[in-house]
Amino acid sequence: MIKRDQSPMSKTPAAQSTTPAENTPHTSEHAAQIRQGRIDKLEAWRKLGQNPFPYHFEKTSDNATLQAKYADLENGVETEDVVSVAGRVMALRNSGLFIDLQDPSGKIQVFCHKENLSAEMMEALKLVDVGDVIGATGTIRRTPRGELSVKTRQLQILGKSLLPLPEKYHGLTDVETRYRQRYLDLIMNPESRDTLVKRSKIIADIRKLLLDKDFLEVETPMLQTLAGGAAARPFVTHHNTLEIDMYLRIAPELFLKRLIVGGISEKVFELNRNFRNEGISPKHNPEFTMMELYQAYADYNDMMDLTEEIVTTVAQKVLGTTKIDFQGTEIDLAGPWPRKSMIDCVKEETGVDFAAIDTDEAARTAAKGLGVFVEEYDTWGYALEKVFEDKVEHKLIQPIHITDYPREISPLAKEHRDNPRLVERFETRVYGWEIANAFSELSDPLDQRQRFESQMAQRDSGNDEAHQMDEDYITALEYGMPPCGGLGIGIDRLIMILTNSPNIRDVIAFPTLKPKH
RNA sequence: GCGAGUUUAGCUCAGCGGUAGAGCACUCCCCUUUUAAGGGAUAGGUCCUGGGUUCGAAUCCCAGAACUCGCACCA
């Protein structure tokens with residue numbers, strides 16, 4: 001609860017009036033003048049009997065609905081239909097005769113002719129600035145020039161703006177300001193609003209699709225004492241009364257599989273934030289949204305089907321098509337998508353068949369022969385992965401499932417049923433980007449212990465992102481887990497692809513930035 | 001973490017060793033059927049910060065900050 005102000009006097013209008021010396025942000029003289037002028041207008045509204053920050057307005061319609069409803073109204077035609085609209089003033093022409101009013105749905109013109117407004121309202125009109133939130137009540141008409149308008153009888157201030165909006169022709173283009181002051185970006189740039197609205201719809205549609213398939217949505221710890229389920233550096237924080245360091249989760253995976261063991265449901269999912277303490281780039285934000293699901297009695301083939309269903313369904317629902325343009329590249333998301341093993345991809349691209357390579361040393365030599373840098377301690381699997389990433393990955397523009405990953409880079413995936421060097425894992429690539437990662441989940445506790453021990457050995461030899469031993473997770477597996485398919489989808493990346501956004505910050509309302517000072 | 005670039009009025013940008021500029025926004029005046037900005041007149045600056053070179057620095061040099069893009073790490 002917000003703490004109540006100690007002084008009842010602070011509620012009085014007198015106490016609310018502002019003196020220029022206080023509450024003034026550090027700005028130039030000019031900016032301070034603009035702000036002071038608007039504070040003066042705010043007081044003038046009060047003198048006219050209107051609270052510049054009122055409590056309620058009876059808005060009867062949004063702008064887009066009116067534009068649609070009166071689409072066929074001919075130029076110069078007036079109606080008797082009375083509406084109340086509200087939104088932000090984006091432009092004032094002819095001293096307020098014409099006001100462009102913007103709400104989240106769109107724009108409508110507010111027409112303020114002196115014939116329809118009292119002398120007092122005409123005075124109030126002079127107090128309206130670009131940026132103010134106002135409400136207008138009047139009749140619907142279309143001007144001779146074709147602009148749908150509200151012929152205003154009542155004008156109300158609903159939220160006085162003290163700061164000037166960016167110029168409307170060029171808009172707000174400074175990327176830093178757009179991310180730091182997203183509210184300004186949203187006011188000025190409809191495409192930013194559109195992208196973030198689509199984000200919301202995409203997430204809602206994924207959630208609905210999974211719920212309709214009887215997946216149970218669950219929540220697992222974000223604060224963990226052991227950051228597992230992925231290979232990444234975690235954020236460290238501290239719990240004061242427990243007197244322990246804790247980690248922000250890098251993945252929910254191990255907890256979700258504990259729930260599968262417990263049988264809370266045969267299908268669970270979590271759609272929420274992960275945190276990784278790593279570099280920031282156009283494709284990486286320190287906190288990002290991941291959908292992870294686990295389905296008992298399913299394997300990675302089922303997960304490929306489900307990935308295709310999720311992506312194509314969401315594209316169809318949100319965009320109305322599966323054919324999309326991403327930064328000038330045509331991508332068709334319609335399934336089914338090709339499924340090709342990592343070894344076959346590398347073989348096709350480079351001519352080198354890793355299936356025929358038996359030793360780690362031969363694998364390293366093969367990679368070097370292709371001009372791929374490998375460490376001296378890299379094993380067959382790491383060498384294969386590096387060649388794939390270097391030579392193949394960026395060429396996979398259309399959707400594809402890359403299957404059958406090396407065992408040693410996948411400590412939580414079940415051994416491949418036909419090849420013990422591999423695991424049943426796939427990553428789905430679109431535009432070269434990984435948007436999904438899935439396994440037939442490793443359910444054998446004895447094998448899982450060996451995998452963790454192998455990871456611990458890697459950790460000892462300097463890989464600080466190798467997975468840690470999680471005894472409780474192994475204990476859970478020792479009680480018995482059904483065969484299980486697991487799937488993770490990087491939601492931000494998927495949204496980038498679907499909204500044609502080249503930077504992850506465009507699909508995150510408040511991306512991580514350093515404080516300015 | 002490394003490299004390159006950017007930072008000048010509220011916004012969008014010029015200027016690149018010699019008194020700080022434009023458009024739009026703001027303020028004032030005129031104007032009530034306009035369409036990115038109706039007409040006119042004003043005012044507005046920590047040229048990112050701190051050092052240095054110079055008679056003189058927004059401009060050149062050094063250090064730092066934030067941002068952008070690569071690379072590294074990763075999803």
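All figures in this text were calculated on a predicted structure; none of them were measured in a lab. Order of the sequence lines sets the chain letters (A, B, ...), proteins ahead of strands, with each chain counted from 1.
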A:Ala436 backbone acceptor or donor facing A:Arg493 side chain under 3.5 Å
no
Does the aromatic ring of A:Phe288 sit over the six-membered base ring of B:rA75, closer than 5.5 Å centre to centre and tilted less than 30°?
yes
Any chance the side chains of A:Asp506 and A:Ser501 put a donor and an acceptor closer than 3.5 Å?
no
On a whole-Å scale, what distance lies between the C1' atoms belonging to B:rA25 and B:rA66?
26 Å
Nearest to the side chain of A:Asn503, which nucleotide is it out of B:rC26, B:rA75, B:rC69?
B:rC69
Got a list of protein N/O to nucleotides 40-45 of chain B N/O distances below 3.5 Å?
unit_1	atom_1	unit_2	atom_2	d
B:rG44	O2'	A:His30	ND1	3.4
B:rG45	OP1	A:Glu29	OE1	3.3

Integer-rounded Å distance: B:rC11 P and A:Asn189 CG:
14 Å
A:Leu513 near the nucleic acid: base, sugar-phosphate alone, or nothing, with a heavy-atom cut-off under 4.0 Å?
sugar-phosphate
Pairs touching residues 153-164 of chain A that satisfy salt bridge (Lys or Arg N to Asp or Glu O under 4.0 Å), sequence neighbours left out:
A:Asp129-A:Lys160, A:Asp132-A:Lys160
The side chain of A:Thr173 is closest to which nucleotide in this list: B:rC26, B:rC11, B:rC13?
B:rC13
Quantified in whole Å, what is the C1' atom distance between nucleotide B:rU59 and nucleotide B:rG15?
9 Å
Just checking A:Asn285: base, sugar-phosphate only, or nothing, at a heavy-atom cut-off of under 4.0 Å?
base
Is A:Arg141 positioned over the aromatic face of A:Phe111, cation under 6.0 angstrom from the ring centre and no more than 45 degrees off axis?
yes
Nucleotide B:rA72, atom P - distance to CZ of A:Arg276 in whole Å
19 Å
Which residues, if any, of residues 176-188 of chain A bring a heavy atom under 4.0 Å of RNA chain B?
A:Glu176, A:Tyr179, A:Arg180
Distance flag, aromatic centroids of A:Trp433 and A:Phe326, threshold under 6.0 Å:
yes
Using a cut-off of 4.0 Å between protein heavy atoms and nucleotide atoms, how would you tag nucleotides 31-39 of chain B 5' to 3' with B, S and -?
BBBBBBSB-
Has A:Lys41 got a side-chain N or O lying under 4.0 Å from the OP1 or OP2 atom of B:rU27?
yes
Considering only the C1' atoms, how many Å lie between B:rG17 and B:rA43, rounded to the nearest integer?
30 Å
Taking A:Glu253 first and then A:Lys257, would you say they form a salt bridge - that is, a charged N and a carboxylate O separated by under 4.0 Å?
yes
Using whole Å, report how far CG of A:Leu271 lies from P of B:rA75.
19 Å
Please give the distance between the C1' atoms of B:rA14 and B:rC28 as a whole number of Å.
28 Å
With sequence neighbours left out, the residues meeting side-chain contact (heavy atoms from CB on, under 4.5 Å) with A:Gln455 are A:Pro411, A:Gln458, A:Ala466, A:His467
Whole-Å P distance, B:rA58 and B:rG1:
31 Å
Using a heavy-atom cut-off of 4.0 Å across all strands, would you classify A:Gly279 as base, sugar-phosphate, or nothing?
base
Taking B:rC62 as the reference, what is the distance to B:rU46 when you measure between their P atoms (whole Å, please)?
27 Å
Set of side-chain hydrogen bond (donor to acceptor under 3.5 Å, both in side chains) partners for A:Glu123, sequence neighbours left out:
A:Lys126
